[in-house]
Amino acid sequence: VAGSTAARRLIVGSSAARPTIGVLALQGDFREHIAVLGQLDIDSMPVKRADQLGDIDGLIIPGGESSVIDKLCRLFGLAEPLKSAIRSGLPVYGTCAGLIMLADTIADAIEGQQSLGGFDLVVRRNAFGSQVDSFETELEVPVLGEPPVRAVFIRAPVVESVGPKAQILASLGDGRVVAVEQDNLLGTSFHPELTGETRLHDYFLAKVRAA
Ligand code: GLN
């Protein structure tokens, strides 16, 4: 049955065989994500308008400044369409500010800052303090196997608490949670798109193909 379903997908819709990934291109390092997708031979498109959401099979929300991405999302009429796309199961991967955008709760949002939500968790922005607000480390991500991920954290958030729906994919040595998954959603505090690491994008693409 599984085989025939897969075959049917190949015949019926080309999107499962050759998905198009949108990268939210309002602010932040969306170009780097587009470059990684190109390296993986995946079709991608920068997303700036709500009417583009119908053309994509998955979406990446890049790193940047979450309060700015939030403002631009609302200004350009993307916030509500994105929220309903997330609720309807669109696979979305958020890195850093992107993860903040996907959190149900932001612990220390600036005044008026909103998230799109989806992830059953609380995220804290700029959680690593000013002295070490950027650092790199080798991070064990069990679902990706060996070797560990070279993870770069830039004024990064941490996942402060996780509700029952979200799953932890990776934590730092001190226990702070920095990678999470929940159904159609994937989130990392760090930026694989900056270190030549493609396994998180591959992991996300498997989610897109399964959706
Ligand atoms: N500190 C940023 C924020 O609050 C996130 C930083 C990043 O995306 N590298 O959105």
Side-chain angles (χ1 to χ4, degrees), residues 21-37 44 46-48 58-76 78-79 82-83 86 92-139 141 149-162 166 169-172 174 176-182 185-201 203-204:
I21 305 300
V23 183
L24 190 65
L26 301 177
Q27 191 264 339
D29 74 335
F30 54 89
R31 290 176 196 85
E32 285 76 4
H33 280 287
I34 289 173
V36 174
L37 293 167
S44 65
V47 170
K48 297 186 176 189
L59 179 74
I60 294 177
I61 306 182
E65 173 49 48
S66 56
S67 58
V68 175
I69 296 176
D70 162 46
K71 266 190 201 137
L72 295 174
C73 270
R74 286 187 278 144
L75 193 66
F76 296 149
L78 265 162
L82 277 173
K83 283 183 200 170
I86 291 168
V92 185
Y93 174 25
T95 59
C96 205
L99 167 60
I100 298 170
M101 289 300 298
L102 290 175
D104 277 350
T105 308
I106 306 175
D108 57 348
I110 68 163
E111 203 182 325
Q113 180 175 0
Q114 296 172 20
S115 66
L116 300 166
F119 254 128
D120 181 19
L121 52 80
V122 179
V123 85
R124 179 170 294 278
R125 298 168 58 242
N126 306 326
F128 294 95
S130 56
Q131 279 169 9
V132 284
D133 56 11
S134 297
F135 65 98
E136 281 187 53
T137 189
E138 301 288 320
L139 181 71
V141 185
V149 167
R150 184 89 202 141
V152 50
F153 294 82
I154 303 167
R155 297 181 57 73
V158 292
V159 175
E160 201 162 73
S161 65
V162 174
L169 292 184
S171 308
L172 293 169
D174 62 8
R176 286 190 283 185
V177 174
V178 293
V180 281
E181 171 174 38
Q182 181 183 322
L185 304 178
L186 178 67
T188 58
S189 298
F190 52 93
H191 293 268
E193 74 282 9
L194 297 181
T195 52
E197 172 63 66
T198 57
R199 285 174 293 167
L200 283 139
H201 290 77
Y203 190 77
F204 175 61

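Side chains included, hydrogens not; waters and symmetry mates left out as well; all remaining heavy atoms used. Whatever order the structure lists ligands and atoms in, that order sets their numbers, starting from 1.
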Nearest protein heavy-atom contact for atom 4 (O) of ligand 1: which residue, which atom, what distance? R125 NE, 2.9 Å
Supply the atom-to-atom distance F153 CZ to F128 CZ, rounded to the nearest 0.5 angstrom. 5.5 Å
Could you pull out all residues at least two apart from F119 that satisfy ring-ring contact (aromatic ring centres under 6.0 Å, His included)? none
Within a distance under 4.0 Å of any heavy atom of G64, pick out the atoms of ligand 1 and give their elements. 2 (C), 5 (C), 6 (C), 7 (C), 8 (O), 10 (O)
Can you confirm, on distance only, whether ligand 1 has an N/O atom lying under 3.5 Å from any N/O atom belonging to T95? no
Inter-residue atom distance L186.CG - L169.CG, 0.5 Å rounding: 6.5 Å
A97 versus ligand 1: do any nitrogen or oxygen atoms come within less than 3.5 Å of each other? yes
To check your reading of the model: name the closest protein heavy atom to atom 10 (O) of ligand 1, its residue, and the distance in Å. S66 N, 2.5 Å
Can you name the atoms of ligand 1, numbered from 1 with element, that are less than 4.0 Å from a heavy atom of G63? 8 (O)
Is it the case that over 12 heavy atoms from other parts of the model lie below 6.0 angstrom from the NZ atom of K83? yes
Give the residue and atom name of whichever protein heavy atom lies nearest to atom 1 (N) of ligand 1, and the separation in Å to one decimal. N126 OD1, 2.5 Å
Show which atoms of ligand 1 fall inside a sub-4.0 Å distance from at least one heavy-atom site of R155. 1 (N), 2 (C), 5 (C), 6 (C)
R125/I110 under side chain to side chain contact (heavy atoms under 4.5 Å, CB included): CA gap, chis, key distance, verdict: CA-CA 10 Å; R125 298 168 58 242; I110 68 163; 3.6 Å; yes
Looking only at protein heavy atoms, which one is nearest to atom 7 (C) of ligand 1, and what is the separation? C96 SG, 2.8 Å
Do the rings of H33 and Y93 sit parallel, tilted or perpendicular, given the 30° and 60° boundaries? perpendicular
Step through the shown structure and confirm whether more than 12 heavy atoms of other residues, nucleotides or ligands are within 6.0 Å of CZ on R31. no
Enumerated ligand 1 atoms positioned under 4.0 Å from heavy atoms of I100: 3 (C), 4 (O), 10 (O)
What part of I69, side chain from CB on, backbone N/CA/C/O, both or neither, has a heavy atom under 4.0 Å from ligand 1? neither
Going by salt bridge (Lys or Arg N to Asp or Glu O under 4.0 Å), R150 matches just one of E193, E138, E197. Which one? E138
